[in-house]
Asker: 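Here you go, one structure.
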Amino acid sequence: MGIRIYNTLTQRKEPFEPVNPGRVGMYVCGPTVYKPSHIGHAVGPIIFDTVKRWLTHQGYAVTWVVNITDVDDKLIVEAKAQGCPVDELAERVTKNYLVALDQLGVRGIDHMPKASEHIAEIIDMCQRLIAKNAAYVSHGDVYFDVSSCRDYLKLSHRKVDDQQAGTRQLAGGEKRNPGDFALWKAAKPDEPPEVQFDSPWGKGRPGWHIECSAMSSKYLGQPFDIHGGGEDLIFPHHDNEIAQSEVCFDRPFAKYWMHNGLTRFNTKKVSKSDPEMAKLMQQLVLSHLLTKYPAELLRFVVLSTHYRRPIEFSDEEIAAKKKGLDSFYRLFERIERVTGSDPYAGGATLDNLFAPVTVRVETFQKLIAEHAARFAEAMDDDFNTGGAIGVLFEIVPAINRFLDEQQLEAGGNVELKPVAAAAVQSLRSMTGLLGLFEKRPPAETSMADTMVDSLMDVLIRVRAEARKAKQYTLSDMVRDQLGSLGIVLEDRPGGTIWRRS
RNA sequence: GGCGGCGUACCCAAGUGGACCAAGGGGACGGAUUGCAAAUCCGUUAUUCAUGGGUUCGAAUCCCAUCGCCGCCUCCA
């Protein structure tokens with residue numbers, strides 16, 4: 001049926017047809033790097049990373065751009081407070097952000113352009129707009145004249161007149177219309193030299209909005225296919241991007257506008273500038289969360305809900321999601337132990353399933369294939385990762401059931417082991433499209449040394465002897481005491497295994 | 001005030017006109033399995049989708065109204 005995407009511009013789901021057949025250009029608004037990034041900044045990249053994975057899987061060659069806004073009022077203020085240069089602050093925050101994204105499995109970003117490195121392109125756009133009479137210079141500032149754009153605010157579906165009067169008169173009387181926004185801001189005397197760039201209008205720096213227009217058109221051309229970001233950016237940021245870009249180049253800007261729901265905490269939007277949220281913010285800083293929870297769990301939490309819905313981010317919710325995730329890890333552990341195949345090995349494809357079919361396993365294989373189809377259906381439907389994960393949760397018991405029924409763990413039907421292994425490979429090929437279970441999870445503690453393993457072997461062997469002699473008081477004591485140390489024993493058909501709880 | 005969205009079981013959540021009189025996860029309860037556990041499997045947990053009207057042969061899904069919550073209109077992923 002093909003991919004369908006909800007387009008904010010048209011307010012409905014549309015069949016996805018790229019501007020250029022077979023190729024997709026995708027631009028997502030990245031952070032302004034002035035303070036440590038929080039969980040909300042990771043949501044977009046995780047979602048669009050998954051979008052790219054799915055588009056790629058469906059045969060498109062995707063180019064994905066995420067910008068870094070490293071010149072901005074807030075950076076200047078923050079750098080001053082910290083007593084360091086603006087570029088140093090930006091670099092530090094950016095670096096931490098990239099480390100976090102990497103841990104979260106965001107790998108698909110092709111370009112991460114910085115505003116400070118695209119001043120020439122920005123100035124060029126300003127000049128074009130001035131030449132077209134769509135922008136004007138005022139005291140060293142350059143403003144976009146919103147009246148030059150007939151369908152201004154078409155993305156947010158507002159009317160210029162409906163905007164509350166007077167709220168945007170901060171810049172004083174230098175604007176022709178209160179709604180006009182800055183393309184270029186003249187430098188103020190006390191601003192550090194690293195944010196003072198030469199321009200035809202004197203020293204200054206870019207306004208907000210313009211860098212996204214300049215950089216997206218540079219890396220993706222115009223029009224390009226998908227423009228994404230948090231839904232709080234629809235107005236004014238994305239409306240303004242559209243206005244300046246379309247007036248500048250006389251052609252459509254972006255075809256599909258995708259907006260992700262905002263992360264919430266205690267039902268409130270997660271926001272650095274909200275004073276009430278400020279106290280809680282350190283709990284929601286990415287680097288902190290990543291010490292508290294496995295990155296894979298955070299990614300899983302984000303993808304468990306459809307991207308347009310807000311996510312309530314709480315310890316309770318994460319703990320519940322973790323239990324679900326664990327059932328996957330246990331299945332993988334089990335399949336590895338029983339079949340000897342590595343579930344985390346790459347190169348898995350659904351085709352593995354259609355290896356030698358016997359009547360006995362045909363139903364099972366068909367079942368997996370049907371689930372794979374449902375998974376694809378969900379992903380095609382506006383990247384419904386929540387629904388897709390629901391399908392994965394049905395596959396796990398199906399494989400466990402097969403293992404149980406065919407008594408594979410107890411050593412029966414050895415010839416069916418490859419079938420079970422292939423089913424897990426199939427499952428893994430689906431989770432891989434969500435960026436999940438791509439590699440073996442790191443050991444839960446740093447003490448994963450061989451000594452612990454050896455000691456556990458000794459304890460398990462001693463306990464086995466006790467059980468053989470039916471000395472259950474003793475064997476249960478070993479198990480209980482290990483339990484209080486956070487170690488769980490499982491007596492399996494093939495012997496006892498242990499894991500940390 | 002304007003614009004946008006949301007309200008599905010105890011909690012999270014998919015489904016947005018019939019093929020589903022509602023997936024899936026967590027929790028709870030019962031069963032199988034086990035020496036007992038753990039893990040795994042099976043089953044139960046919404047005659048109903050905020051409320052009230054309407055459209056339709058048919059609605060959780062469309063329309064209107066009401067209530068509640070959230071986002072944007074200032075910086076924000």
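Chain letters run A, B, ... following the sequence lines, proteins first and then strands; every chain starts at 1.
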Asker: Quick one: sort the A:Phe181 and A:Tyr152 rings into parallel, tilted or perpendicular, breaks at 30° and 60°.
Answerer: parallel
Asker: With salt bridge (Lys or Arg N to Asp or Glu O under 4.0 Å) as the rule and sequence neighbours excluded, what pairs involving residues 266-283 of chain A come up?
Answerer: A:Asp232-A:Lys269
Asker: Write out all pairs satisfying salt bridge (Lys or Arg N to Asp or Glu O under 4.0 Å) with one or both partners inside residues 396-407 of chain A, taking only residues at least two apart or from two chains.
Answerer: A:Arg334-A:Asp404
Asker: Distances for protein N/O vs nucleotides 11-13 of chain B N/O pairs under 3.5 angstrom?
Answerer:
residue : atom : partner  : partner atom : Å
B:C12   : O4'  : A:Glu317 : OE1          : 3.4
B:C12   : O2'  : A:Glu317 : OE2          : 2.9
B:C12   : O2'  : A:Lys321 : NZ           : 3.1

Asker: Please write out each protein N/O paired with an N/O of nucleotides 40-45 of chain B under 3.5 Å, distance rounded to 0.1 Å.
Answerer:
residue : atom : partner  : partner atom : Å
B:U40   : OP1  : A:Arg330 : NH1          : 3.4
B:U40   : O3'  : A:Asn400 : ND2          : 3.2
B:U40   : O2'  : A:Asp404 : OD2          : 2.7
B:C41   : OP1  : A:Asn400 : ND2          : 3.4
B:C41   : O4'  : A:Asp404 : OD2          : 3.2
B:C41   : O3'  : A:Arg401 : NE           : 3.3
B:C42   : OP1  : A:Arg401 : NE           : 2.8
B:C42   : OP1  : A:Arg401 : NH2          : 2.7

Asker: Can you name the residues that form a salt bridge (Lys or Arg N to Asp or Glu O under 4.0 Å) with A:Lys154, not counting sequence neighbours?
Answerer: A:Asp151, A:Glu246
Asker: Suppose the criterion is salt bridge (Lys or Arg N to Asp or Glu O under 4.0 Å): which pairs have a residue in residues 298-308 of chain A, not counting sequence neighbours?
Answerer: A:Asp49-A:Arg299, A:Arg308-A:Asp382
Asker: For a quick check under 3.5 Å, do A:Asp73 and A:Tyr34 share a side-chain donor-acceptor pair by atom type?
Answerer: no
Asker: Side chains of A:Ser287 and A:Asn96 only: does a donor on one sit below 3.5 Å from an acceptor on the other?
Answerer: no
Asker: Kindly state each residue pair satisfying salt bridge (Lys or Arg N to Asp or Glu O under 4.0 Å) with at least one member in residues 364-375 of chain A, sequence neighbours excluded.
Answerer: A:Arg374-A:Glu394
Asker: In chain order, what residues pass the salt bridge (Lys or Arg N to Asp or Glu O under 4.0 Å) check against A:Asp457, with sequence neighbours excluded?
Answerer: none
Asker: Can you give me the dot-bracket string for RNA chain B, 5' to 3', counting Watson-Crick and G-U wobble pairs with both distances under 3.5 Å, using [ ] for crossing pairs and | for partners on another strand?
Answerer: ((((((((.[[[..)..(.....]]]((((((.......))))))....[[[[[..)....]]]]])))))))....
Asker: Restricting to ring pair (Phe, Tyr, Trp, His ring centres under 6.0 Å), what partner residues turn up for A:Tyr256, sequence neighbours left out?
Answerer: A:Phe16
Asker: Which residues pass the side-chain hydrogen bond (donor to acceptor under 3.5 Å, both in side chains) test with A:Trp184, sequence neighbours left out?
Answerer: A:Ser199
Asker: Listing time: all N or O pairs from protein to nucleotides 31-35 of chain B that are below 3.5 Å?
Answerer:
residue : atom : partner  : partner atom : Å
B:G35   : N7   : A:Arg467 : NH2          : 3.4
B:G35   : O6   : A:Arg467 : NE           : 3.0
B:G35   : N1   : A:Asp476 : OD1          : 2.9
B:G35   : N2   : A:Asp476 : OD1          : 3.4
B:G35   : N2   : A:Asp476 : OD2          : 2.6

